[in-house]
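Here is how names work: the chains are called A, B, and so on, in the same order as the sequence lines, proteins then strands, and each is numbered from 1.
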Amino acid sequence: MRLYDTESGEIRPLELRDPGKVSLYACGPTVYDHPHLGHARQAMTYDIVRRYLEWCGLDVHHAANVTDIDDNIINRATREGSTEPEIAAVWKDVYDAAIFDGLDILRPHTRPHATEYVDEMVAFIQTLVDNGSAYANDSGVYLRVASVNDYGGLVHRSLDDLREGAGARVEVDDTKEDPLDFALWKAAKPAEPTWPSPWGEGRPGWHIECVAMSLDVLGDGFDLHGGGTDLVFPHHTNERAEAIAAGRDFARHWMHNAMLNIDGEKMSKSLNNFRTIQDLLDEHPLNGRALRLLLLQTHYRKTMEINPEVMEQARGGIERIDAMGRKAAAAGVSTDGAALDADAVTAFRTAMDDDMGTPEAVATVFETVRRANAALDAGEDAAGLVATVVDLAGALGIRVGDAGAGGDDDAEIDALVAARTDARSAKDFAEADRLRDELTARGIVVEDTPTGPIWHRG
RNA sequence: GCGCCGGUGCCCGAGCGGCCCAAGGGAACGGCCUGCAAAGCCGUACAGUCGCGGGUUCAAAUCCCGCCCGGCGCUCCA
């Protein structure tokens with residue numbers, strides 16, 4: 001598989017540290033508020049990477065941190081008269097429900113929490129202080145950026161370029177030797193949670209947690225490190241700098257997913273077009289899967305558009321896949337042991353191996369859906385094609401729905417559908433239509449097939 | 001301001017030197033199927049300038065230059 005690597009700036013083969021095994025670290029959330037659509041794209045991107053690699057037969061270790069101590073958490077705790085651990089616990093649950101349950105994203109195998117890693121972080125910082133790449137003063141401990149070889153390598157910018165930005169934008173902190181130097185450890189401030197350290201009470205800086213945790217969980221020279229493009233600088237640049245300064249082998253490959261726009265504009269709190277995942281999920285029962293399809297139909301490195309219209313369009317796509325599933329189930333097609341369609345699998349693989357070409361991979365799935373429907377209509381053996389759709393869609397995390405039953409009133413609906421079938425047999429079409437209207441009013445869609453009617457919840 | 005990424009049909013989006021008179025999804029239209037529908041299949045119209053203007057090349061949506069527009073980053077935001 002070839003992937004775009006942010007550091008080298010080119011698409012290059014994913015070369016694994018240990019053959020057959022993939023170690024993946026995707027930066028996780030800071031838990032203090034509702035997760036939004038941007039979090040969904042981020043989490044979904046690495047969920048798809050993982051699912052595809054697993055589908056290819058690789059043994060993936062997916063790790064994602066949970067940042068449970070930072071300024072935002074402290075501020076919220078203060079504002080609500082709560083405590084930081086409480087805030088973090090509550091919002092982590094909200095995140096998990098929306099992301100993992102709502103969007104059918106696989107839980108990372110390992111989810112280290114920052115507050116559980118303070119000892120490791122302190123030890124890491126000690127290494128940096130000992131080897132002269134970090135210095136302590138009254139306000140904390142800082143990384144001496146100028147001492148790091150190729151500091152701006154990930155963003156492809158020189159130290160001078162970066163200083164220009166830092167000087168222009170940031171309040172110059174004269175306790176630092178260089179405006180670019182950043183905090184590894186922050187000295188205690190009043191009313192903030194603190195941990196002991198050789199440099200006094202305080203709390204860890206932002207970037208140190210990911211370095212300490214990724215290297216501990218996945219080991220030196222792990223394969224893939226990912227996150228949103230907005231993390232390239234400073235977060236990932238600084239993680240990388242810390243690892244380099246400590247003489248550790250860090251990520252072999254960096255990947256970053258693009259941002260998303262709502263109604264043509266960037267999503268932000270100030271523009272008031274901020275959407276939480278839960279809002280979207282509540283809007284329509286198909287939205288979780290529709291969002292996944294929408295995300296898959298755009299390449300992960302391209303800014304994508306999201307608005308009510310495209311969500312509706314994506315729902316249409318999901319319904320198309322489900323309709324095939326229902327039709328196949330009604331025709332009694334068994335996919336057990338059916339041989340997959342080799343052409344489709346090859347096309348799918350080729351697309352995915354080329355820097356996660358999910359839009360083309362999805363196109364292959366839909367083409368296979370059409371071929372399966374045609375075979376089903378013609379009464380030909382469609383098992384292989386249906387199995388291919390289920391398999392390939394599954395590799396992308398899309399489940400193919402079937403009958404759509406599962407409500408408390410299933411028996412009642414079955415009875416109405418049966419009554420309609422009887423009316424149709426008796427050519428009493430007025431009664432048949434009345435019964436169908438009644439079902440429609442209950443949100444049930446009835447589809448007549450050669451093997452009898454099937455129904456699902458619309 | 002500096003750096004980076006984009007601008008493709010009605011909408012969303014692939015394609016990134018010849019296989020493109022440009023994939024796939026959604027919407028539209030016609031046909032088949034149906035008692036009528038729905039779903040599905042088949043077909044059609046949509047891109048006659050692939051943001052605009054130059055250039056390179058036998059050949060450009062695809063490469064180069066300039067401009068316009070949108071996005072991201074420039075210290076804690078996915």
Of all the choices, [options], which nucleotide is nearest to the side chain of [X] once you look at every atom?
X: Arg157(A); options: rC41(B), rG73(B), rC72(B); value: rG73(B)
X: Pro359(A); options: rA23(B), rA78(B), rG24(B); value: rA23(B)
X: Asn373(A); options: rG13(B), rA78(B), rC41(B); value: rC41(B)
X: Pro234(A); options: rG7(B), rC74(B), rG71(B); value: rC74(B)

Return whichever of Glu309(A) or Arg424(A) has its heavy-atom-nearest nucleotide of RNA chain B closer to the 5' end. Glu309(A)
If you find the nucleotide of RNA chain B closest to Gly227(A) and the one closest to Tyr4(A), which residue's nucleotide is nearer the 5' end?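 It is Tyr4(A) whose nearest nucleotide is closer to the 5' end.
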At 4.0 Å (heavy atoms only), tell me whether [X] reaches a base, stays on the sugar-phosphate, or touches nothing.
X: Val446(A); result: base
X: Glu447(A); result: base
X: Val232(A); result: nothing

Presence of donor-acceptor pair under 3.5 Å, side chain of Gln313(A) and base of rG25(B):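 Answer yes: a donor N or O sits under 3.5 Å from an acceptor.
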base_contact_polar (rA37(B) base, Asp433(A) side chain, donor-acceptor, <3.5 Å):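 No such pair is found, so the answer is no.
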Measure from the ring centre of Phe429(A) to the centre of the six-membered ring in the base of rG35(B), then say whether that distance is under 5.5 Å and the planes meet at under 30°.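 The base of rG35(B) is stacked with Phe429(A) (centres under 5.5 Å, planes under 30°).
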For the P atoms, the ones on rG13(B) and on rG71(B), what distance do you get once it is rounded to whole angstrom?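 Straight-line distance between the two P atoms is 15 Å.
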Whole-angstrom distance between rG24(B) and rG70(B), as gauged at atom P: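 rG24(B) and rG70(B) have their P atoms separated by 33 Å.
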Could you tell me the Watson-Crick or G-U partner of rA61(B), where both distances fall under 3.5 Å? Say none if there is no partner. none
In Watson-Crick or G-U wobble terms, both distances under 3.5 Å, what is the partner of rG43(B)? rC29(B)
Check whether more than 12 heavy atoms from other residues, nucleotides or ligands sit under 6.0 Å from atom CG of Asp138(A), and answer yes or no. no
For Arg349(A), I'd like to know if atom CZ has over 12 heavy atoms of other residues, nucleotides or ligands within 6.0 Å. yes
